[in-house]
Each structure stands twice: as C-alpha cells, then as structure tokens.
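Down below is the structure, laid out as structure tokens.
Residue numbers run from 1 in the order of the sequence given.
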Amino acid sequence: MKKLFVLLLLSICAYNPFAAQAQTTPQKIDKGQFKFEGGETHDFGTIKRGPVAMYKFEFTNVGTKPIIITDVTPSCGCTNVDWIKSPVLPGQKGFIQLGLKTEEQHGIFNKEVYIRTDAYIPNGEKRYTLYIKGNAIDDDPKK
C-alpha cells in the first residue's frame, strides 16, 4: 500500500502542468542588461606591433532598469579604457572603448576587461567580462 501511494504521488508530480510550465518559463530579470553588438569578444586578427589598436564595444540596455558602470579594469596595463559615465536607460545605447598598446604585445594575445556594474551578470559572477584577442607581429602581414 505504501509503495502504491508513493507511485501515485510521483505520477501526479510528473504530470502536473504547472510544474512543467514553471521549468520552461524564463525568469524575469529586474535589472539593466547588456546586449553587446558583435558579441563580448573582439578579435583584432593579425596586427602590426607599434600603433595603439582601438576598439569600441557598443551595447544596448535590454533590461528594465538603468545600467550604471562604476569601473572598467583591463587585465593588464597594456590596455587603456574609457566608458560612458552616465546611466544607460532601458533601450538606450552605451559604449566601452579600448586602446590596446600593440608595441607591448608579442605574438598571440588574449586579454580580459572587467566591468563593475549594477547590471545583470550571467552565471552569478561579480563582474562582467569582455575579451580581446589577436596576433601582434613585427612585419606588415600584407607584404
């Protein structure tokens, strides 16, 4: 009798339409949320060492609250950063601009840029991360 009761209880839980709906409904996030145009990684490709290589990560706030960026820190001193200092309201665009000192790069490089923000950050991380990569060479690759 006890086994029958457990089996009946399990079958009710398995066929509960509300339980199935709760698992498939996305969780609503009540924060600002980044959507980076072109993704969260920029590949400079093969570049000549020497000049500063610039790239601007542009994003839209697709969340429900303003995004405030309090700090942007590169993983090394070889990257200068600038960012929008005012709050980015829902639906508006913002930017994070990077200047990579290529003379300090030798060959293949992979760098991170950490964003401190009040926006939603996936996977429970404490900061949002952008990535830059490429290959810095001494000679012009087109020669």
*Would Lys93 and Glu37 pass as an ion pair if we require N to O under 4.0 Å?*
yes
*Which heavy atom in Arg127 sits nearest to a heavy atom in Ile121, and how many Å separate them?*
O-CG2, 3.6 Å
*asked:* To check you understand the geometry: which heavy-atom pair defines the closest contact between Thr70 and Thr117, and what is its length?
replied: OG1-N, 4.2 Å
*Check Thr79 against Leu100 and note the closest heavy-atom contact, atom names and distance.*
OG1-CD1, 3.5 Å
*asked:* Could you tell me if the side chain of Ile137 sits less than 4.5 Å from the side chain of Ile47, heavy atoms only?
replied: no
_Hydrophobic clustering (ILVMFWY, side-chain heavy atoms < 4.5 Å, transitive) - are Val81 and Ile68 grouped together?_
no
_Nearest non-hydrogen partners of Ala119 and Ile67, listed with the distance_ = CB-CG1, 3.8 Å
*With the side chain counted from C-beta on, respond yes when Cys78 and Gln105 share a heavy-atom pair under 4.5 Å apart, and no when they do not.*
yes
*Answer yes or no: does atom NZ of Lys85 have more than 12 heavy-atom neighbours from other residues, nucleotides or ligands under 6.0 Å?*
yes
_Measuring only between side-chain heavy atoms, which start at C-beta, is Leu130 closer than 4.5 Å to Thr41?_
no
*Evaluate the side-chain proximity of Trp83 to Asp71: yes if any heavy-atom separation is below 4.5 Å, no if none is.*
yes
*Do the non-hydrogen side-chain atoms of Leu98 and Ile132 ever get within less than 4.5 Å of each other?*
yes
*May I ask you to test the Asn61-Leu89 pair for a side-chain heavy-atom distance under 4.5 Å?*
no
*Answer with yes or no whether the side chains of Ser75 and Lys111 bring together a donor and an acceptor at under 3.5 Å.*
no
*Minimum heavy-atom separation for Asp138 to Arg49, with atom names?*
OD1-NH1, 2.6 Å
_If I take atom CZ from residue Phe44 and atom NE2 from residue His42, how far apart are they, to the nearest 0.5 angstrom?_
4.5 Å
*Does Ile115 reach the side chain of Ile69, with side-chain heavy atoms less than 4.5 Å apart?*
yes
*asked:* A cation-pi test, strictly: NZ or CZ of Lys56 under 6.0 Å from the centre of the six-membered ring of Phe95 and no more than 45 degrees from its axis. Yes or no?
replied: yes
*Are the side chains of Thr102 and Pro51 in touch, meaning some heavy atoms are under 4.5 Å apart?*
yes
*Qualifying residue for ring-ring contact (aromatic ring centres under 6.0 Å, His included) with Tyr128, from Tyr114, Phe59, Phe36*: Phe36
*Determine, using ring centers only, whether Phe57 and Phe34 are less than 6.0 Å apart.*
no
*Would you name the heavy atoms of Pro87 and Pro66 that are closest together and state the gap between them?*
CB-CB, 4.2 Å
